[in-house]
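Input: a single structure, listed below in structure tokens.
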There are 2 protein chains.
Amino acid sequence: MDQAKGPRKGRTIGKTNNVNADLIAVVVAVNDAGPCVLTIEQGAALPSGPFELAHRSLQSGLRAWVELQTGQPLGYIEQLYTFADRDRVGANQRVISISYLALTREEDAGASGRRSWASWYDYFPWEDHRSGRPPIVLEELRPRLIEWADGADDGATRFDRRRRAAVAFALDGRAWNEELALQRYELLYEAALVEEAKRGGVSAILASVPGRSMIADHRRILATAIARLRSKIKYRPVVFELMPPLFTLLQLQRTVEALSGRLINKPNFRRLIEQQELVEKTGATTAETGGRPAQLYRFHHTILDERPVAGTKLPLPRA
Amino acid sequence: MDQAKGPRKGRTIGKTNNVNADLIAVVVAVNDAGPCVLTIEQGAALPSGPFELAHRSLQSGLRAWVELQTGQPLGYIEQLYTFADRDRVGANQRVISISYLALTREEDAGASGRRSWASWYDYFPWEDHRSGRPPIVLEELRPRLIEWADGADDGATRFDRRRRAAVAFALDGRAWNEELALQRYELLYEAALVEEAKRGGVSAILASVPGRSMIADHRRILATAIARLRSKIKYRPVVFELMPPLFTLLQLQRTVEALSGRLINKPNFRRLIEQQELVEKTGATTAETGGRPAQLYRFHHTILDERPVAGTKLPLPRA
DNA sequence: CCAGTTATAGTCGATCTGATTATAAGATAT
DNA sequence: ATATCTTATAATCAGATCGACTATAACTGG
């Protein structure tokens, strides 16, 4: 499987193998414009900072860095992944990146200069299928992916690349799967169709690449967060972390749609939400929605204690 | 939410905040005796070692350590969680623990002295519900959990502790949920009913504690692995990593039952497996099963490429 | 040849799910 | 005032799924 030559015998002690550990946060909110991520450096980086001895835990270190850099206090936090790939961060440094997903509401914003909210889909324009498949997939990505596939040396690899591209991007009549966000990004990286793949190496004359990029492997971490969140909303009631205290069922639906990047059947969504008893009517209504005034709901917190694995099942199409 | 006082302004550079990173492996296999984990130190520790500069990646570092310490080559690997809690590892050191789950077959065993396979349920005797609820839950855990709950200062905490214990351990007529393995361990830790919770602190006169313990937070990592695996087999076809190349459907069922710690309805299991086209008949049969000879199946590998998120749905009872 | 064991096929009813239609209640335009 | 638009909410229907159960087949060991 793998070489076993690397390490010396026994355990090395002391400072010999010390590394730097970075904490990186993907802070997500949803507003009318869609799903947003909290960024610094004018959208080029995620909030992050080194894990320090003073930090009580990884989570508290992360909270401290995000609050320092953006003024944003974090509520719900969940660990995403720990990366340490040598080639993916740029220089020849050895850094461990421990990434987290945080869910919040944009209004919680304190005033801070360096921060800004950016739409997910600025970084991943091929991921938003709410108005059908975006043109970029067939017009830009597909030809370039085919070109990449056909550039392989042997037939088996060509076949495999074509198949992977087709599965990830729903080509050849396949169904779109919104949870493959990370695989799509990794495929584009492998095909050198994203800017990150071209750093350091051959800086050939490059055609424009789709989607805005970020420093180091931050866009990859964002893709990880999107994939995780799109998967998780289907079986855990995490959407409510993104909602205001009171909301209508349509607002809830629009939030889920913004995250998953696809539209949901309205009656089925309502039925599923209501029968799970995750929300309760407040009695109040709002007329701000345009048509008939809608009931305002609130999240039924106590249900969480009793049903620890209760899923927010969502009627997203399967295959 | 959290204090923002800790870190200094800006990014600290250089070696100031270096930490040690440990790679820890939960290597799982299933044999006739049940689900097993690969251990060293006579079952007291999981294979582990520091992440070193020589390692190409976290995964290759892990593979190297496991192979060095146990002779076991690893196939399927999946990241579990990254811990860095100061209090949970023992001494006042600062160590990041990056844990992985690996699935393998026990027969792959090379000869190596320090290793041994241990049953999950030696460490978590309350987790095996294949023959109904084990007596330890009602006879030992329940009274002690109640005692712990009633020891709280205020009524609200008492109520909350009782509720959490009831949810986790299926008391008061609640249904058992095998996926809560980690929550159960954490609850016992909080209630100081496991040996790990008593280290370093007050070494009072202690009644015997249930289940075998491990060094540092290794049992906690094992609990994390069990919970993850029990959840994952329901929607991803990972069971096959634990199976020999050819197997009968009952062997497959017994493996799933061993992992989940509960029994499955046989006709329904077969139906679900077959209709998902994850396996294919080989035509061969085996008479080693006692009764009527059983068809030997093999895992249908190609299906994985085409259906990246295809779940191995399992007919485990819901609520 | 009978009892025991396992394999395999099939049935039945309840529930779930996806899609569709119908009706209600407001705002806005003419 | 009436028509029309928008959104909210209720109801229906057929197909798929799921859990529990029954029946039959094929082999082994006394």
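Just so it is clear: chains get the letters A, B, ... in the order the sequence lines come, proteins before strands, and each one is counted from 1.
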| request: Could you please name the option among D:dC27, D:dC21, D:dC18 that lies closest to any side-chain atom of B:Pro293? | output: D:dC27
| remark: Among C:dA9, D:dT7, C:dG18, the one nearest any side-chain atom of A:Lys266 is D:dT7
| note | When rounded to whole Å, the NZ to C1' distance for the pair B:Lys234 and D:dT17 reads 17 Å
| Whole Å only: how far is the CD atom of B:Gln276 from the P atom of D:dT17? | 10 Å
| request: Round to a whole Å and report the spacing from CD of A:Gln295 to P of D:dT7. | output: 18 Å
| Nearest listed nucleotide, side chain of A:Ala294, among C:dA7, C:dT21, D:dA8 | D:dA8
| Is A:Arg262 reaching over with its side chain to a backbone N or O of A:Asn177, donor-acceptor style, under 3.5 angstrom? | no
| message | Treating A:His300 as the side-chain partner and A:Glu277 as the backbone partner, does any N or O pair qualify as donor plus acceptor under 3.5 Å? | response | yes
| task | Taking A:Arg105 for its side chain and A:Met243 for its backbone only, find out whether a donor-acceptor pair lies under 3.5 Å. | result | yes
| query | In whole angstroms, how far is the P atom of D:dA20 from the CZ atom of B:Arg271? | reply | 11 Å
| field | Face-on cation placement of A:Arg184 at A:Trp176 ring, 6.0 Å and 45° thresholds | value | yes
| query | Is A:Leu249 touching bases, backbone alone, or none of the nucleic acid, heavy atoms closer than 4.0 Å? | reply | nothing
| message | D:dA25, OP1 or OP2 - any side-chain N/O from B:Arg292 closer than 4.0 Å? | response | no
| message | Distance check needed: D:dG19 P versus B:Arg262 CZ, whole Å only. | response | 11 Å
| message | Just the rounded figure in Å: distance from P of C:dT17 to CD1 of A:Ile264. | response | 14 Å
| task | Find the distance A:Asn265:CG to C:dT17:P and express it as a whole number of Å. | result | 13 Å
| Given atom CZ of A:Phe269 and atom P of D:dA8, what is their separation to the nearest angstrom? | 12 Å
| said: Whether the side chain of B:Arg230 engages the backbone of B:Glu178 through a donor-acceptor N/O pair (distance < 3.5 Å, no angle test) should be reported. | reply: yes
| query | Which listed nucleotide (D:dA10, C:dA7, D:dG19) is nearest to the side chain of B:Asn268? | reply | D:dG19
